[in-house]
Amino acid sequence: MLDLKIVRERTEEVKQGLRRRGIELDLSEFLALDEKRRVSQQDADELRRKRNTVSEQIGKLKKSGQPAEDLMTEMRSVGDSIAKLEAIIREAEESQRNLLLTIPNIPHGTVPEGKDETANVEIKRWSPQGTEPAKLSFEPKPHWDLAEYLDIIDFDRATKITGARFALYKGAGARLERALINFMLDLHTEEHGYLEVLPPFMVNRTSMTATGQLPKFEEELFKVENGTYFLIPTAEVPVTNIHQEEILGDEVLPVKYTAYTPCFRREAGSYGKDTRGLIRQHQFNKVELVKFARPEDSYRELETLLLDAENVLQRLQLPYRVITLCAGDMGFSAAKTYDIEVWLPAQNRYREISSCSNFEDFQARRGNIRYRPKGSKKTEFVHTLNGSGLAVGRTVVAILENYQQSDGTIMVPEALRPYMGGMERIVRRGGNP
RNA sequence: GGAGAGAUGGCCGAGCGGUUUAAGGCGGCGGUCUUGAAAACCGUUGAGCGCAAGCUCCGGGGGUUCGAAUCCCUCUCUCUCCGCCA
């Protein structure tokens, strides 16, 4: 949520910032409403002040046995006036808030111009050999063919059990998914200094609103029937809301959490996209990184958050590149976003495996997450950041495709072998159903 | 699911219609004392809106009243007991 005061006092800057996202916003009605609200607030305060002093007077008169009927009658009408003003204020506040909640964040100054993904800017390439991915000596197979041959992921049965866009992992496939989760969590907690948390996988409407999924993107969420809860689309939601309505001490910042959770997404409007394989599922696992930082530190924290996520791919020796999203391609709440894209040889292209963003005070204002700067009496909103570290299902895809051998078996990345019970190679499963 | 109790500042806790501008304690900060620290003592210490005067906030919302932390309704959450349950 944008700061009301900034929208009021620096309207042109706000409109200019939103224009970079390709959004043209008419704020005149909003500002008129704001003016009306503020005038009413002033009037109401003035009347309340009068009522407070006179009521005290009435109390004293009654105590000393003197009549106070005239004053009481007068105050009754003052009370009515206050009630009318309060109704106006409440209505204005509500419609102001409702509008503010639908306005996306302003892009940071360093975010490149552009209206869609074609304007994103590549800033880095990495591979075990240097920068470019190694060429396989044979025609690479797509991960779904490999998974089917090895019998480690069963898409058909998942469809039977539930429906499209679900997966049933089996044998080494299930083990690989679990190994990756543990590997990532261990890396982030033991080497990058994050505190592991395991949050609820369902959240309420307030939490979804704080991080920005609501009110605008309800159609992308799974809602639990007979209740008011939503399945989380990312651990960002429950983890960022850990400190909702809190005032953090300066000395605890930056706070760094990592969490494994499954994520649930409707993927409405993506019919026909990535229909085969693990790339786009209604349920997938992810290890998330979340930070709460001082405003002056947040962009430095974004860089280290990105490095922490990149490190997972480096340890797994998977080629990737990093891009800066342009203003028009960023998510609703973000002020700046880097995407990490992993190399998929069968698709002959890079695909998103992590998204690392600084939300500045956008989410903190919605969730009322504050801190007290050292030596200050006033509180300020913290900056929140998060990034995938990494999307687990897509990491499985990358391992299958990059580590595939000509015979269809998969070498297990060395860093992962301790988590796979020493397994060095995934071979075709036999004997079991 | 049934019955009951409760929600007050960072924490504990008093208040149950009018000097509450929310007592008191703990914790925090500053000071006195001390070689230093502890103890003791003194002072200070919630959030938000407003240029200011001032106004709002005692779980959320609504009501009664000249006046509500205090009375009423409602919702949410917590706790205790019973039932059910991995």
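Letters go in sequence order (proteins before strands), and every chain restarts at 1.
- Rounded to whole Å, the C1' atom of B:A69 lies 5 Å from the corresponding atom of B:C58.
- Comparing the P positions of B:A14 and B:G25 gives a spacing of 15 Å, expressed to the nearest Å.
- Atom-to-atom, CG of A:Asn204 to P of B:C75 comes out at 18 Å; the value is rounded to the nearest Å.
- Spacing of P atoms, B:G15 relative to B:A7, comes out at 11 Å, to the nearest Å.
- Remark: B:U32 base-pairs with B:A40. Criterion, Watson-Crick or G-U wobble with two distances under 3.5 Å.
- The gap from the C1' atom of B:U45 to that of B:G61 amounts to 32 Å, rounded to the nearest Å.
- B:C49 atom P lies 13 Å from atom CG of A:Asp34, rounded to whole Å.
- When the C1' atom of B:G9 is taken as reference, atom CZ of A:Arg372 falls 11 Å away, rounded to whole Å.
- Nucleic acid contact class of A:Gln42 (heavy atoms, under 4.0 Å, all strands): base.
- Look at A:Arg49 and A:Glu46 and you find a salt bridge, because one of the NZ, NE, NH1 or NH2 atoms lies within 4.0 Å of a carboxylate O, short of that distance.
- Taking atom CG of A:Asn368 as the reference point, atom P of B:C57 lies 17 Å away to the nearest angstrom.
- Toward the 5′ end of RNA chain B lies the nearest nucleotide of A:Lys5, the other residue of the pair A:Lys5 and A:Glu46 mapping further downstream.
- Among the candidates A:Arg428, A:Arg425, A:Gln404, the single residue satisfying the side chain to side chain donor-acceptor pair (under 3.5 Å) test with A:Thr409 is A:Arg425.
- Remark: the A:Asp186 side chain and the A:Tyr419 side chain contain an N/O donor-acceptor pair separated by less than 3.5 Å.
- Separating the CG atom of A:Asp43 from the P atom of B:G54 is a distance of 18 Å, rounded to the nearest angstrom.
- Counting non-hydrogen atoms under 4.0 angstrom, A:Arg90 reaches the backbone sugars and phosphates but no base.
- Within 4.0 Å of A:Arg8, counting heavy atoms only, lie sugar-phosphate atoms of the nucleic acid but no base atom.
- Taking atom CZ on A:Arg48 and atom P on B:C49, their separation rounds to 16 Å, with Å as the unit.
- At a threshold of 4.0 angstrom between heavy atoms, the contacts of A:Arg370 are confined to the sugar-phosphate backbone, with no base atom among them.
- A salt bridge between A:Lys170 and A:Asp151 is present, with a side-chain N of the basic residue lying under 4.0 Å from a carboxylate O of the acidic one.
- Remark: aromatic rings of A:Phe264 and A:Phe284 are distant, center separation not under 6.0 Å.
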Check: protein-nucleotides 64-67 of chain B nitrogen or oxygen pairs below 3.5 Å:
{"from": "B:C66", "atom 1": "OP1", "to": "A:Arg76", "atom 2": "NE", "distance (Å)": "3.1"}
{"from": "B:C66", "atom 1": "OP1", "to": "A:Arg76", "atom 2": "NH2", "distance (Å)": "2.4"}
{"from": "B:C66", "atom 1": "OP2", "to": "A:Arg76", "atom 2": "NE", "distance (Å)": "3.2"}
{"from": "B:C66", "atom 1": "O4'", "to": "A:Met72", "atom 2": "O", "distance (Å)": "3.3"}
{"from": "B:C66", "atom 1": "O2'", "to": "A:Ser55", "atom 2": "OG", "distance (Å)": "3.4"}
{"from": "B:G67", "atom 1": "O4'", "to": "A:Ser55", "atom 2": "OG", "distance (Å)": "3.2"}

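- Straight-line distance between the C1' atoms of B:C81 and B:G48: roughly 41 Å, to the nearest whole Å.
- Note: CG (A:Asp45) to P (B:G54) measures 12 Å, nearest angstrom.
- Under the Watson-Crick or G-U wobble criterion, with both distances below 3.5 Å, B:G4 is paired with B:C79.
- Taking side-chain N and O atoms only, A:Arg37 has no distance below 4.0 Å to OP1 or OP2 of B:C49.
- Across all strands shown, B:A53 has no partner, as no Watson-Crick or G-U wobble contact with both distances under 3.5 Å is found.
- Nucleotide B:U70: unpaired (no Watson-Crick or G-U wobble partner with both distances less than 3.5 Å).
- Going from the C1' atom of B:A52 to that of B:C42 covers 34 Å, rounded to whole Å.
- Taking atom C1' in both B:A40 and B:A5, one finds a spacing of 41 Å when rounded to whole Å.
- Within the nucleic acid shown, A:Lys50 has no heavy atom closer than 4.0 Å to any nucleic acid atom.
- Within the shown strands, nothing qualifies as a pairing partner of B:A86 under the Watson-Crick or G-U definition with both distances less than 3.5 Å.
- What separates CD of A:Glu86 from P of B:C49 is a distance of 19 Å, to the nearest Å.
- Using the Watson-Crick or G-U wobble rule with both distances under 3.5 Å, B:C26 pairs with B:G10.
- Across B:C73 and B:A68, the matching C1' atoms stand 15 Å from one another, rounded to whole Å.
- Checked against the 6.0 Å centroid threshold, A:His243 and A:Phe292 count as a close aromatic pair.
- In this structure, A:Arg351 does not pair ionically with A:Glu401, as no charged nitrogen and carboxylate oxygen lie closer than 4.0 Å.
- Side-chain atoms of A:Asn204 and A:Tyr229 form no donor-acceptor pair, as typed in the model, at a separation below 3.5 Å.
- Remark: A:Arg8 engages A:Asp34 in a salt bridge, criterion side-chain N to carboxylate O under 4.0 Å.
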